[in-house]
Amino acid sequence: MSTRALPLFVTGFALLVAGCSGGGATSAAPTSSNSALPPPATTSAAPTSTKPVTTTQAAPSTKKSDAGAVERYESFLHAVGSQDVTTACEIAGPAAKKAQDEGFGPCEATLPVTFAMFSPSQRKALQGASVDRARITESSKKVDIPAKAVKADAKFTDGDLGDAVLELRNGKWYVTD
């Protein structure tokens, strides 16, 4: 399934992230999501580890992880809608590196081409897009977000966005596929 979606992803969505291996926005986007994640996890982990509610706390901890991934992906979508090359390339660094290795240019060069693939109304809709958490599949270090989980004021097909995979790497969520 990933192989079938790859040409669409690479042609449209992966061009968006092609070639990025991290950039100057590293401190902007990750800090927001990371600073939101550790304090609640640390604060809630200490009291729950002393209470027998540890099993109940494990589920919210996972939800905080997928919430971090979802928030990060939403930031990515907003960056695409705003045509913010730096943020989009930083969040999708691993996927962009993959695309570059497959022959696409650096993210900063290919991203404007991808922006042009979206209509002005689609770009505007992406600025306020959200993700329906009920439609995602997640594990402790990987979150799959299908295109149908993206909620926006414009219609998007699988060919427009494609499915996204985010992985937790060194405490930060990145689009990897």
Side-chain angles (χ1 to χ4, degrees), residues 1-20 22-23 25-26 28-37 62-99 104 107-139 142-169 172-177:
M1 181 159 147
S2 178
T3 306
R4 185 183 66 174
L6 187 61
L8 293 174
F9 183 77
V10 171
T11 302
F13 195 63
L15 280 176
L16 173 66
V17 296
C20 297
T26 326
T31 305
S32 321
S33 61
N34 283 343
S35 62
L37 289 177
T62 302
K63 289 295 179 192
K64 289 181 194 293
S65 294
D66 77 12
V70 167
E71 290 169 359
R72 184 97 152 133
Y73 187 63
E74 287 173 346
S75 294
F76 172 75
L77 293 172
H78 301 167
V80 171
S82 300
Q83 300 184 43
D84 178 353
V85 175
T86 304
T87 301
C89 287
E90 191 278 325
I91 294 171
K97 177 69 172 116
K98 223 188 260 187
F104 291 91
C107 186
E108 294 79 6
T110 58
L111 196 59
V113 174
T114 302
F115 291 155
M117 295 176 147
F118 292 106
S119 71
S121 62
Q122 286 178 316
R123 284 193 304 270
K124 184 175 182 180
L126 285 173
Q127 292 174 16
S130 62
V131 173
D132 180 357
R133 285 176 169 83
R135 293 180 175 250
I136 67 172
T137 305
E138 43 102 17
S139 66
K142 183 178 172 184
V143 176
D144 293 311
I145 303 176
K148 66 183 176 187
V150 176
K151 302 295 177 196
D153 291 337
K155 190 156 189 123
F156 291 95
T157 66
D158 288 345
D160 293 330
L161 289 178
D163 298 341
V165 176
L166 279 82
E167 291 182 20
L168 187 61
R169 296 183 177 185
K172 298 175 189 170
W173 289 99
Y174 293 96
V175 176
T176 58
D177 193 17

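Predicted model, so just to flag it, every value in this text is computed and none were measured.
- Although no hydrogens or angles enter the test, the distance criterion places a donor-acceptor pair under 3.5 Å between the side chain of Glu74 and the main chain of Val131.
- Taking CD from Glu138 and CZ from Arg133, the interatomic distance works out to 10.5 Å, rounded to the nearest 0.5 Å.
- Each salt bridge (Lys or Arg N to Asp or Glu O under 4.0 Å) pair with one or both residues in residues 119-132, not counting sequence neighbours, appears once here: Asp132-Arg135.
- Formation of a donor-acceptor pair under 3.5 Å by the Asp163 side chain with backbone atoms of Ala147 is found in this model.
- Atom NZ of Lys148 has 12 or fewer neighbouring heavy atoms from other residues, nucleotides or ligands inside a 6.0 Å radius.
- Atom CD of Glu167 is separated from atom OG of Ser139 by 8.5 Å, given to the nearest 0.5 angstrom.
- Side-chain atoms of Lys98 come within 3.5 Å of backbone N or O of Thr176 as a donor-acceptor pair.
- Interatomic distance, Gln83 CD to Phe115 CZ, rounded to the nearest 0.5 Å: 5.5 Å.
- Going from atom CD1 of Ile145 over to atom CG of Leu77 covers 8.0 Å, rounded to the nearest 0.5 Å.
- When all heavy atoms of Ala125 and Asp153 are compared, the closest pair comes out as CB-N, 3.8 Å.
- Put simply, SG on Cys89 and CG on Leu111 are 5.0 Å apart, with the number rounded to the nearest 0.5 Å.
- The shortest heavy-atom contact between Ala164 and Tyr73 is CB-CE1, 3.5 Å.
- Of the inter-residue distances, the one linking Arg72 atom CZ with Leu166 atom CG reads 8.0 Å to the nearest 0.5 angstrom.
- Looking at every heavy atom in both residues, Ala79 comes nearest to Ala88 through CB-N, 3.8 Å.
- Of all the heavy atoms in Pro112 and Cys107, the pair that sits closest is CD-O, 4.5 Å.
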